[in-house]
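Computed from heavy atoms alone, side chains included, the values below leave out hydrogens, waters and symmetry copies. Owing to the predicted nature of the structure, the values given are computational and were not obtained by experimental measurement. Read the numbers this way: they start at 1 and go in the same order the structure lists the ligands and their atoms.
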Amino acid sequence: MADLIEQRDKGLYCAVGDFWIDPWEPVEHAVITHAHSDHAKAGHRRYLTMADGVELLRLRLGSDITVRGAAYGEGIDINGVQVSLHPAGHMLGSAQVRVEHKGQVAGVSGDYKVRPDPTCPTFEPVPCNLFISEATFALPIYRWADSSEVFAEINAWWRGNQAVGKTSVLFTYALGKAQRVLAEIDNSIGPIFAHGALMRYEAAYTAAGVRQPPLTYCEASAVRAQNGAALVMAPPSALGTPWMRKLGKVSTAFASGWMTVRGRRRQRGVDRGFILSDHADWNGLIEAITATGAEKVLLTHGYSAALARWLREMKGIDAATLVTRYGDEDDDADGSPERAAS
Ligand SMILES: [Zn+2]
Ligand SMILES: [Zn+2]
């Protein structure tokens, strides 16, 4: 029997329901797991996404898209196929897609993490026969510390910079990671400024009920007037640009799962690297995949071959890799709408 979800030229496709999940080429009907640029492309005729992600999709793809928002767990019939969205814990509005037809269930994870995140509900395993999982950080070297530990380091770095009169500039991916950092950082330390690329998402987050600290648009003169007391949040695309040089004396840092690898920090040319990811680490991936009980697993993103081999050898799961066009948003030097906004 054919799989309920298969790979086609334009993306992941459900033939019985005639719809696509995170397609990379324009299609009639697209179900979108979340608003990151490698999953949410422009040009589809109709979109379905989790309700909290609707505004984010409009901000990234244009206010004129035809998009329907669904609550987590809400049953939706698409040409006789039962579709529902379930928490992926990756960012605001992120969802796994559950597809059911004639007793067969497929789950498509999108990007996910299993650790808690104050900006979205925690990942919920979806029991299924076929699970299509991301594998961005699927190597045993990737193991995340509790976020309380990481934020203690970030807060200490900010305080330390204040003591020597240097503005703290923290680079994070503009959508998702930035708002998570803002929700978890100790904002009593000092004033927080944000680059325009991040600022544009704030209203959507607060409208969805996510707590965010007071933010000021990052005017260089206003930052310099704080004499090093301020934290500036900026996207990776702002690194090394003339904009940065206007801020005066700074200490720079990058927050990403890739900071596990020392060379990546040097490559970015920042003073500090904080290991903070919105993807599952090695243990998280194995925990999430085995919790689905799936007999067949297909892997996308990152180290998918390593994880497929491990699942075959250690768990006896029929696991293989899928060649997709999904990437890692940390490395995807931001979608063009953000560039335009900055
Ligand atoms: Zn993502
Ligand atoms: Zn992705």
- request: Restricting to N/O/S, name the atom of D111 that gets closest to the Zn ion (ligand 2).
  value: OD2

- prompt: Looking at D38, which of its N, O or S atoms is the nearest one to the Zn ion (ligand 2)?
  reply: OD2

- prompt: Closer than 2.8 Å to the Zn ion (ligand 1), do we get an N, O or S atom from H279, backbone or side chain?
  reply: no

- prompt: Any side-chain donor-acceptor pair under 3.5 Å between H29 and D18?
  reply: no

Parallel under 30°, tilted from 30 to 60°, perpendicular over 60°: which one fits the rings of [X] and [Y]?
X	Y	result
F274	W157	perpendicular
H34	H39	tilted
H301	Y326	parallel
Y47	H44	tilted

Distance check below 2.8 Å: does [X] bring an N, O or S atom to the Zn ion (ligand 2)?
X	answer
H301	yes
E134	no
H39	yes

message: With a 4.5 Å cut-off on side-chain heavy atoms, are L85 and E74 touching?
response: no

statement: Restricting H36 to its N/O/S atoms, the closest one to the Zn ion (ligand 1) is ND1

